[in-house]
J.: 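Quick one: the structure is below, and I'll ask about it shortly.
Only a predicted model underlies this, so the values are computations on that prediction, with no experimental measurement involved.
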Amino acid sequence: MTQISENKVVTITYDLSVTDENQEKVLVESAEEDAPMVFLFGMSGLPDEFERQLSGKQPGDSFTFSLTPEQAYGDYDQQAVVEIPKNVFEIDGQIDEEMLQVGNFLPMADNQGHHMQGKVVEIGDSAVKMDFNHPLAGMVMHFDGKVADVREATREELDHGHVHGEGGHQH
């Protein structure tokens with residue numbers, strides 16, 4: 001059987017819970033058998049500790065582990081919550097009211113052209129408050145799952161840095 005290691009395509013199912021302010025575990029995401037998570041180990045962009053916890057596992061192996069904010073997406077950074085002039089969101093002089101709604105995640109770019117996702121937190125008369133923290137920043141994450149499959153990555157997947165085909169990227 002193939003073990004999870006560098007440059008392998010890994011398929012897992014899992015439940016992800018976070019610890020809320022009352023120290024209770026709250027389920028926030030599930031990857032089930034009909035829609036598993038498929039990623040290229042070592043090139044996934046997932047936290048290093050997430051991959052370290054899965055390293056060496058084989059199809060059929062179960063896993064249970066937790067990641068602290070430091071091991072995952074960092075502490076919540078209040079400075080990543082910023083006000084942006086409302087006119088930035090205009091397209092041809094109009095604001096798309098469907099797009100610009102509290103709770104929506106919008107693709108943005110900073111002055112250096114770095115792309116990021118921002119969550120609309122508040123809409124004022126002249127400014128929009130956006131939160132650029134990762135949605136799981138500051139949270140302890142608890143994973144409980146199973147390795148469904150491990151296979152060798154193709155040369156094309158390695159060249160592109162992501163999985164192709166079933167559960168992966170389509171070109």
Side-chain angles (χ1 to χ4, degrees), residues 4 10-57 60-90 95-149 162-163 167-169:
I4 295 176
V10 178
T11 303
I12 60 174
T13 58
Y14 65 87
D15 286 334
L16 167 60
S17 300
V18 297
T19 304
D20 69 9
E21 57 277 353
N22 299 320
Q23 302 308 305
E24 304 275 332
K25 283 186 182 179
V26 178
L27 181 68
V28 293
E29 182 179 279
S30 289
E32 304 291 337
E33 285 183 27
D34 59 342
M37 178 181 186
V38 182
F39 63 97
L40 185 53
F41 193 87
M43 296 184 185
S44 67
L46 295 164
D48 291 343
E49 184 63 15
F50 178 88
E51 287 195 345
R52 196 183 77 66
Q53 290 288 335
L54 295 175
S55 184
K57 295 203 179 305
D61 286 353
S62 295
F63 57 86
T64 299
F65 61 87
S66 297
L67 300 181
T68 64
E70 296 76 29
Q71 295 170 318
Y73 297 105
D75 289 323
Y76 187 85
D77 181 4
Q78 200 58 49
Q79 293 187 12
V81 180
V82 297
E83 294 220 349
I84 299 173
K86 202 170 185 178
N87 65 348
V88 167
F89 299 92
E90 291 181 1
I95 291 181
D96 181 344
E97 302 293 338
E98 292 246 333
M99 174 194 71
L100 195 60
Q101 290 191 17
V102 172
N104 281 359
F105 285 88
L106 304 178
M108 306 284 289
D110 64 15
N111 295 339
Q112 289 83 39
H114 298 111
H115 293 274
M116 62 194 96
Q117 290 281 332
K119 181 179 179 181
V120 178
V121 177
E122 186 179 304
I123 303 168
D125 292 335
S126 61
V128 176
K129 190 181 284 187
M130 301 282 295
D131 184 347
F132 290 99
N133 282 289
H134 187 283
L136 295 170
M139 296 185 186
V140 176
M141 300 187 305
H142 309 279
F143 291 91
D144 187 16
K146 189 172 186 177
V147 178
D149 190 40
H162 57 248
V163 178
H169 186 78

J.: In terms of heavy-atom contacts, does CD of Glu70 have more than 12 from other residues, nucleotides or ligands at under 6.0 Å?
T.: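 More than 12 within 6.0 Å, yes.
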
J.: With no hydrogens and no angle check, is any side-chain donor or acceptor of Asp61 less than 3.5 Å from a backbone partner on Leu54?
T.: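 Not at all, since once roles are kept as given, no pair shorter than 3.5 Å links the two residues.
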
J.: Could you pull out the closest heavy-atom pair between Gly138 and Pro69, with the gap in Å?
T.: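 What the structure gives for the nearest pair is C-CG, 3.5 Å.
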
J.: To the nearest 0.5 Å, what is the distance between OG1 (Thr64) and CD (Gln53)?
T.: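 Reported value, rounded in 0.5 Å steps: 10.0 Å.
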
J.: If the test is side-chain contact (heavy atoms from CB on, under 4.5 Å), which one of Lys129, Met130, Met99 qualifies with Val120?
T.: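 Among Lys129, Met130, Met99, the one that satisfies the side-chain contact (heavy atoms from CB on, under 4.5 Å) with Val120 is Met130.
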
J.: Heavy-atom count around Asp75 CG within 6.0 Å, excluding the residue itself: above 12?
T.: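 Yes, the 6.0 Å shell around CG holds more than 12 heavy atoms from other groups.
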
J.: Answer yes if the side chains of Gln101 and Glu97 hold a donor-acceptor pair under 3.5 Å, and no otherwise.
T.: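 No - no donor-acceptor pair under 3.5 Å links their side chains.
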
J.: How many angstroms lie between atom CE of Met141 and atom CD of Glu49, to the nearest 0.5 angstrom?
T.: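 Spacing of CE (Met141) from CD (Glu49) equals 10.5 Å.
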
J.: Of all heavy-atom pairs between Gln71 and Ser66, which one has the smallest distance, and what is that distance?
T.: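 Distance-wise, the nearest heavy atoms are OE1-O, 3.8 Å.
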
J.: So which heavy atom on Glu83 is nearest to which on Ala127, and how close?
T.: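 Answer, listing the atom of Glu83 first, then Ala127: OE1-CB, 3.5 Å.
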
J.: Please test Thr13 against Glu32 for side chain to side chain contact (heavy atoms under 4.5 Å, CB included), starting from the C-alpha separation and ending with a verdict.
T.: CA-CA 5 Å; Thr13 58; Glu32 304 291 337; 5.7 Å; no

J.: Could you walk me through whether Phe132 and Asp77 pass the side chain to side chain contact (heavy atoms under 4.5 Å, CB included) test, one step at a time?
T.: CA-CA 9 Å; Phe132 290 99; Asp77 181 4; over 6 Å; no

J.: Work out which heavy atom in Ile12 is nearest to a heavy atom in Pro36; give both atom names and the distance.
T.: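 Smallest interatomic distance, heavy atoms only, reads O-CB, 3.4 Å.
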
J.: Give, for atom CG of Asn133 and atom CE of Met139, the distance between the pair rounded to the nearest 0.5 Å.
T.: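 These two atoms lie 10.0 Å from each other.
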
J.: Where is the tightest heavy-atom contact between Thr19 and His142, given as atom of each residue plus distance?
T.: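 Minimum heavy-atom contact is OG1-NE2, 2.6 Å.
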
J.: Take Phe63 and Lys57 through the side chain to side chain contact (heavy atoms under 4.5 Å, CB included) test and state the conclusion after the steps.
T.: CA-CA 9 Å; Phe63 57 86; Lys57 295 203 179 305; 3.6 Å; yes

J.: Hey, what do you get for CD (Glu51) to CG (Leu40), rounding to the nearest 0.5 Å?
T.: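 Reported value, rounded in 0.5 Å steps: 8.5 Å.
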
J.: Side chains of Leu16 and Leu136, heavy atoms from C-beta outward: is any pair under 4.5 Å?
T.: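 Yes - at least one pair of side-chain heavy atoms lies under 4.5 Å apart.
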
J.: Locate the shortest heavy-atom distance separating Phe89 from Ile84; write the atom from each residue and the value.
T.: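 Scanning both residues, the minimum pair turns out to be CE1-CG2, 3.9 Å.
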
J.: Run Phe143 and Glu29 through side chain to side chain contact (heavy atoms under 4.5 Å, CB included) and show every step you take.
T.: CA-CA 10 Å; Phe143 291 91; Glu29 182 179 279; 5.9 Å; no

J.: Hey, could you give me the CE/CD distance between Met108 and Gln117, rounded to the nearest 0.5 Å?
T.: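 Atom-to-atom, Met108:CE and Gln117:CD are 10.0 Å apart.
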
J.: Parallel, tilted or perpendicular for Tyr73 and His134, by the 30°/60° rule?
T.: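 Parallel: the ring planes of Tyr73 and His134 meet at under 30°.
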
J.: Are the side chains of Lys25 and Asp144 in contact, using a 4.5 Å heavy-atom criterion?
T.: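 A side-chain contact is absent here, since even the closest heavy-atom pair is not under 4.5 Å.
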
J.: Please examine the side chains of Lys86 and Val128, heavy atoms only from C-beta on, and report whether any two atoms are closer than 4.5 Å.
T.: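 Side chain of Val128 against side chain of Lys86, heavy atoms only: contact under 4.5 Å found.
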
J.: Tell me, do Leu27 and Ser17 make a side-chain contact under 4.5 Å, heavy atoms counted?
T.: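 SC-SC contact between Leu27 and Ser17 confirmed.
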
J.: In this structure, are over 12 heavy atoms from other groups packed under 6.0 Å from Lys119 atom NZ?
T.: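 No, the 6.0 Å shell around NZ holds no more than 12 heavy atoms from other groups.
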
J.: Within the 4.5 Å heavy-atom criterion, are Phe105 and Pro135 side-chain neighbours or not?
T.: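 They are in side-chain contact.
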
J.: Counting heavy atoms not belonging to Asp125, are there more than 12 under 6.0 Å from its CG?
T.: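 At most 12 heavy atoms, drawn from other residues, nucleotides or ligands, come within 6.0 Å of this atom.
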
J.: How long is the straight-line distance from CG of Leu100 back to CD1 of Ile123, given to the nearest 0.5 Å?
T.: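 It comes to 4.0 Å.
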
J.: Is a donor on one side and an acceptor on the other found under 3.5 Å between the side chain of Asp110 and the backbone of Gln112?
T.: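 Checking the backbone N and O of Gln112 against the side chain of Asp110, a donor-acceptor pair under 3.5 Å is found.
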
